[in-house]
> 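Dropping the structure in here first, questions after.
Chain identifiers are assigned alphabetically (A, B, ...) following the order of the sequence lines, protein sequences preceding nucleic acid strands; residue numbering begins at 1 within each chain.
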Amino acid sequence: MSANLWFALVGAGLIALAAFTFFVQTHLLRRIFAFNIMGSGVFLIMVGMAQHLRQTDPVPQALVLTGIVVAVSATALALLIFRRFYALSAAVTLTQDNDTLGDSYEQEPRQ
Amino acid sequence: MMYLQIALICLGCFFFIVGTLGLLRFNDAYSRIHAITKADNLGLGLLVLGLLPSAVNAFQGIKLLLIWLLVLVASATASYLIAHYLKQQQEGDV
Amino acid sequence: MNLAFDVLLGIALLLCAAGVFYSRDLFRAVVMFIAFGLLLALVWVRLDAPDLALAEAAIGAGLTGVLMIDAVAHLSAKNAHHQGAQFDQTGARPQLWSRILPVFSAVIIFILLLGAIWWRPDAPVSLPDLVAESLPESGVEHPITAVLLNFRSYDTLLEIAVLLVAVVVAMALKPDTSEPEAGNSKDPILHGLSARLVPPMLVVGVYILWAGSYMPGGAFQGGAILAAALVFLKLAGFGIERLADSLLRIGLALGFIVFLTVATSVMIGGRPFLTYPESVAGELIFFIEAMLTFSIGLILFSLFSQAPPPVAPTSSLQGEQDER
Amino acid sequence: MQTLNAMPWATNFWLAIAGLLLVTLVAGLWRIWRGPTATDRMLAAQLFGTTGVGILLALSQAMQQVALIDVALVLALLAVIAMVAFVKRMQGPSS
């Protein structure tokens, strides 16, 4: 097994872990973390898989380089929106309608 | 020359290990600061010195020394900042 | 030896990610995230991608960590306003079946990905060979820079447009309260550190940009370093917002406009959009890259500095929702 | 005067050094996990930055990639920023 394939597998593991976190955690900051790490997993798969068959491949590397910069600006924007949301509502999770799954949600206080 | 290099690098690694052990075993943040500065200053310094004879040209050697210098400045200041911060926190608690 | 190192690195990376996800303390998650960025940079090194390692070292160790520490500090400072609020919220406790479902779907995702990696189709063309073949025409010697700014410059053009949109949204979200930030007192040691550390940062940023045409480096990495230097100056208490604000208006869009101008002006000579004449390709690429570095640095910095100042939440339902 | 890199086993030697440093880094993860305070975690992150520089320098010899020294330079410059952000921004109650 080459290092490239192994790191692609690690990327798959990262994506699965991040997806799981995304499903179970409702805290928005944690979801932003999970989003970012999922992106890193995708990058690892892209580069690792492309290089597994042949030698070092500049094309996926260049694409991932673009991706890293876009990912950091997306994270920064998400954090900004989160902070604005928190400043306005003092909540760290998105509220859910009561008739959907989570039955442990209590009633929203009326304004 | 080769044996000198190996000795320097192994000594550098030793200081990294000591620093990590200190970070893990000491039970107070001030002593942990003391431990990690050993890795920052001596560990990396010896590693850089051991690397110098392998540098391809003078430019690379200067870059290596610059890295060490930067880490020295940065870690010394960071240690000061965090100790200062700790002290302020503790005074605030009392 | 090689394999042992890679396996250890991969396991450490997964451990770090698990540490980010399952920390009850948010700050622990942030520090784990910084460690994750560092390990990821090492992974890029092992994957023979020093360009990515450069970008990840600048962004993962410098920028993302700062952004997240800032956000968590903001959260904990606000929690201090209403005592008793839990710093860490893990959300509502789901029922048993709604625990199994996420595990199940995560496992399914993992298996599907494994399948996709294992039974990948063979690529019909060899991209590395194609790049190596046409590298002499691109005007630069480093293949990744050639791909980014010549062969696939559409991506780069659109990327800088996306960054521009992000920063415009961030500026629109900024509340109009402009009260001075607390805790901006100048620390003499910090002041001295920034006076000594920022100039080498700028020099290294320019060096990385210049190196991009023949070895790993380029506009993105240089821009990230420039942004980190600006963030550092702001943290050290230099009031660079005034300067940045006037500079921002020019700088933010400059990279995009210059890129677009060059891209369209070659059409005058009868060439298709975004293709450079071979004789001046190297110079044009370097010019565009320099502008891009400037713009990316300013954009990333302003995404940091546009964050709302730490004020108490204004809503009346502070306590109740936070207890969750 | 023979330098180390002339030896046939130099690659493995450098990889072993990098691996050793990586092991200390993984051990440092334990301190981040345990805490107990935010300051201890930041100290561990600080050590991570330095160890990362060391690993990159060792790998630059093992993989014969000169560019990795640039990566180490960037890391050395930027690792301190997170610490400064922590000290300046976490003025509230320590967690």
> What part of S75(B) gets within 4.5 angstrom of chain D, counting heavy atoms only: side chain, backbone, both, or neither?
both
> Is the closest side-chain heavy-atom distance between D40(B) and L72(B) below 4.5 Å?
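Answer no - side chains too far apart.
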> Can you name the closest pair of heavy atoms from I32(D) and A44(D) and give their distance?
CG1-CB, 3.5 Å
> What part of V73(B) gets within 4.5 angstrom of chain D, counting heavy atoms only: side chain, backbone, both, or neither?
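It is neither, since no heavy atom gets under 4.5 Å.
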> Side chain, backbone, both or neither: which part of L86(B) has a heavy atom under 4.5 Å from chain D?
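Side chain only.
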> So which part of L57(D) gets closer than 4.5 Å to some heavy atom of chain B, the side chain, the backbone, both or neither?
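Backbone plus side chain of L57(D), per the 4.5 Å heavy-atom cut-off to chain B.
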> Mind ranking L75(D), T51(D), V84(D) by heavy-atom pairs under 4.5 Å with chain B and telling me who comes out on top?
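With the most close heavy-atom pairs to chain B, the winner is T51(D).
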> Looking only at heavy atoms and a cut-off of under 4.5 Å, which of T24(D), V80(D), V23(D) has the most pairs with chain B?
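Option with the top pair count is T24(D).
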> Is any side-chain heavy atom of L11(B) closer than 4.5 Å to a side-chain heavy atom of L47(B)?
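Counting from C-beta outward, L11(B) and L47(B) never come under 4.5 Å.
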> Identify the heavy atoms of S60(D) and L68(D) that sit nearest to each other, and give their distance.
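In terms of heavy atoms, the two residues are closest at CB-CB, 3.5 Å.
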> If you count every heavy atom of other residues, nucleotides or ligands that lies below 6.0 Å from F14(B) atom CZ, does the total exceed 12?
no
> Need one label for F26(B): side chain, backbone, both or neither, based on atoms under 4.5 Å from any heavy atom in chain D.
backbone
> For L20(D), which atoms come within 4.5 Å of any heavy atom of chain B: side chain, backbone, both, or neither?
side chain
> With a 4.5 angstrom heavy-atom cut-off, is it the side chain or the backbone of I17(B) that approaches chain D, or both, or neither?
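I17(B) touches chain D through backbone and side-chain heavy atoms alike.
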